[in-house]
Amino acid sequence: MSSTANREQPIFSTRAHVFQIDPVTKKNWLPASKHAVTISYFYDASRNVYRIISVGGTKAIINSTITPNMTFTKTSQKFGQWADSRANTVYGLGFASEQNLSQFAEKFQEVREAARLARERSQDKTELTNPALNITSQQVIPCPIISANGPGDDKLFRSQSAEMEFSTERERVKKMLSEGSVCEVQWESEFFSLQDNNNKLVAALQEANANVEKWKKQLAAYQEEAAMLRQRVAELESQTLKETNEEPGDELASRLKDLEVLLKAKEEEILLLKEQRPDLMELESERDKLLQRLQELEERNQDMEKELERSEQSLRDSQSERDRVREEISKAGEDLDVKICQLNELRIGLVKLLESN
């Protein structure tokens with residue numbers, strides 16, 4: 001993914017529940033996602049276009065190109081909407097907080113203003129780089145009527161055929177570019193889905209490791225405490241043997257009985273803990289499976305990145321082909337203008353010849 005000039009870059013991301021207007025009633029909202037999903041603003045530097053994209057699973061829930069005519073409206077403290085005439089729908093977003101809604105709305109206004117400025121710069125650039133188009137639009141020259149059997153009909157027919165060929169070539173290039181864009185969106189959605197699965201597996205693995213370490217520490221602590229109690233009992237027994245002549249038998253027996261009860265209670269607590277704790281071998285096996293699954297997903301991510309690189313290379317090749325076709329069309333248009341001028345001169349000469357005769 002070394003290319004950055006021809007690739008869309010995320011400029012802002014948030015999470016929200018996505019809704020779309022009912023196409024039948026035009027009043028009710030239909031949920032487009034079962035839970036909150038990531039919604040991002042993207043900027044395409046090569047086409048100077050801003051888009052809002054959200055991916056759920058393996059499909060794009062939102063793919064809306066922002067235009068200067070769009071408006072984002074807050075309908076409540078945590079809900080907002082905007083209409084997309086190209087997609088022929090209205091999108092609605094439900095946020096977790098009012099702050100998230102305000103941030104999204106502010107970014108929408110910034111992006112819409114940037115889209116307006118980009119359109120104005122594009123129009124100014126078109127007018128500056130193509131002055132001949134403005135002159136032609138102001139000076140419309142009517143086509144003179146020529147006899148059906150005149151020599152100019154053959155050149156006129158050939159010029160119309162050339163225009164049809166150029167139009168067909170333009171349509172082919174447009175189709176090729178649109179297919180490239182659709183392929184890129186599909187790869188992006190698949191890549192985002194794999195990233196979500198990867199993050200979930202990493203979180204599950206970390207939680208499993210934390211639980212295993214916690215049980216190990218608790219078990220070690222109880223075992224250490226039991227060993228200390230056994231040592232204490234042994235010390236008391238040895239001390240008791242020394243103090244047998246000094247202490248009454250009933251008091252000594254009572255102390256030993258209390259210690260035995262305490263030791264038995266601790267042993268029962270240790271057994272209960274061992275019964276309640278999960279099997280360490282099972283947790284380690286599950287952790288190994290998660291590690292293997294994580295490795296597989298990383299390998300698949302690498303494959304997807306390679307596929308994305310190939311897709312981007314194909315898109316760059318398509319853009320190069322489009323530039324080449326544009327150059328050929330421009331060159332052919334210049335040749336066509338020359339031929340049209342020659343045809344007009346020929347027609348004027350023919351008219352003068354007919355008038356002189």
As a quick check of understanding, evaluate side chain to side chain contact (heavy atoms under 4.5 Å, CB included) for I270 and E225, giving each step before the final call. CA-CA 10 Å; I270 292 175; E225 186 177 358; over 6 Å; no
Apply the test side chain to side chain donor-acceptor pair (under 3.5 Å) to residues N100 and S97: give CA-CA distance (whole Å), side-chain angles for both, the deciding distance (0.1 Å), then the verdict. CA-CA 5 Å; N100 293 339; S97 65; 3.2 Å; yes
Worked check of side chain to side chain contact (heavy atoms under 4.5 Å, CB included) between E110 and F12: CA-CA 11 Å; E110 293 176 7; F12 178 80; over 6 Å; no
Would you check, one step at a time, whether the test side chain to side chain contact (heavy atoms under 4.5 Å, CB included) holds for N48 with Y43? CA-CA 7 Å; N48 208 5; Y43 174 61; 2.8 Å; yes
Using the side chain to side chain contact (heavy atoms under 4.5 Å, CB included) rule, take T75 and Q81 through it: C-alpha gap first, then chi angles, then the decisive distance, then the call. CA-CA 7 Å; T75 57; Q81 66 184 47; 3.7 Å; yes
Carefully, step by step, assess E269 and Y222 under the rule side chain to side chain donor-acceptor pair (under 3.5 Å). CA-CA 9 Å; E269 188 176 355; Y222 280 113; 3.3 Å; yes
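The six-membered or imidazole ring of F95 lies near that of F104, with a centre-to-centre distance under 6.0 Å. Proximity of the aromatic rings of F79 and W29 is defined here by a centroid distance below 6.0 angstrom, and this criterion is met.
In this model, a donor atom of one side chain and an acceptor atom of the other lie less than 3.5 Å apart for Q313 and R316. Between D44 and S46, the side chains place a donor N or O and an acceptor N or O closer than 3.5 Å (distance only, hydrogens not considered). Between the side chains of D84 and S64, at least one donor N or O sits under 3.5 Å from an acceptor N or O. With 3.5 Å as the limit, one finds no donor-acceptor pair spanning the side chains of N209 and E213. In this structure, a donor-acceptor pair under 3.5 Å is absent between the side chains of D288 and S285. T65 and R51 share no side-chain donor-acceptor pair at under 3.5 Å.
Side-chain contact check for I11 versus Y50: some heavy-atom pair is nearer than 4.5 Å. A 4.5 Å side-chain heavy-atom check between R255 and L236 finds at least one atom pair inside the cut-off. You'll find the side chain of I21 stays beyond 4.5 Å of the side chain of L30, heavy atoms only. The closest side-chain heavy-atom distance from I52 to W82 is below 4.5 Å. Annotation: side chain of V90 is not in contact with side chain of F19 (no heavy-atom distance under 4.5 Å). Side-chain contact between H17 and P31 is absent, with no heavy-atom pair separated by less than 4.5 Å. Side-chain contact between V212 and R287: absent, with no pair of heavy atoms (C-beta onward) separated by less than 4.5 Å. Under the 4.5 Å side-chain criterion, counting only non-hydrogen atoms from C-beta, L101 is in contact with K74.
In this structure, I53 CD1 and S40 OG are separated by 8.0 Å, a value rounded to the nearest 0.5 Å. Rounded to the nearest 0.5 Å, atoms CD (E296) and CG (L294) are 10.0 Å apart. From N301, atom CG reaches atom CD of E298 across 7.5 Å, with rounding to the nearest 0.5 Å. Taking OG from S54 and CG from N63, the interatomic distance works out to 10.5 Å, rounded to the nearest 0.5 Å. Taken to the nearest 0.5 Å, the CD atom of Q292 stands 7.5 Å off from the CD atom of Q295. The NZ atom of K331 lies 13.5 Å from the CD1 atom of I329; values are rounded to the nearest 0.5 Å.
Among the candidates E113, R112, K107, the single residue satisfying the side-chain hydrogen bond (donor to acceptor under 3.5 Å, both in side chains) test with Q109 is R112.
A salt bridge does not link K289 with E286: every distance from a Lys NZ or Arg NE/NH1/NH2 to an Asp or Glu carboxylate oxygen is 4.0 Å or more. For E321 and R324, the salt-bridge test passes: some basic side-chain N is under 4.0 Å from an acidic carboxylate O. Electrostatic pairing of R300 and D303 does not count as a salt bridge here, judged by no charged N lying under 4.0 Å from a carboxylate O. Using a 4.0 Å cut-off between a side-chain N of Lys or Arg and a carboxylate O of Asp or Glu, E267 and R230 qualify as a salt bridge.
Considering every non-hydrogen atom in both E237 and L256, the closest pair reads CG-CD2, 4.3 Å. Residues G80 and F72 approach most closely at CA-CZ, 3.6 Å, considering heavy atoms. The two residues Y41 and I66 come nearest to each other via the heavy atoms CE2-CD1, 3.7 Å. Heavy atoms only, all atoms of each residue included: I62 and L93 are closest at CD1-CD2, 4.1 Å. Here the closest non-hydrogen pair linking Q20 and I61 is NE2-O, 3.6 Å. Nearest heavy-atom pair across L201 and R293 is CD1-CG, 3.3 Å.
Of the possible polar contacts, none joining the S330 side chain to the R326 backbone as a donor-acceptor pair under 3.5 Å is found. Although no hydrogens or angles enter the test, the distance criterion places a donor-acceptor pair under 3.5 Å between the side chain of S102 and the main chain of E98.
By the criterion of side-chain heavy atoms lying less than 4.5 angstrom apart, applied directly or through intervening Ile, Leu, Val, Met, Phe, Trp or Tyr residues, I348 is not grouped with L343; the two fall into different hydrophobic clusters.
In this structure, Q99 places its CD atom where only 12 or fewer heavy-atom neighbours from other residues, nucleotides or ligands lie under 6.0 Å away.
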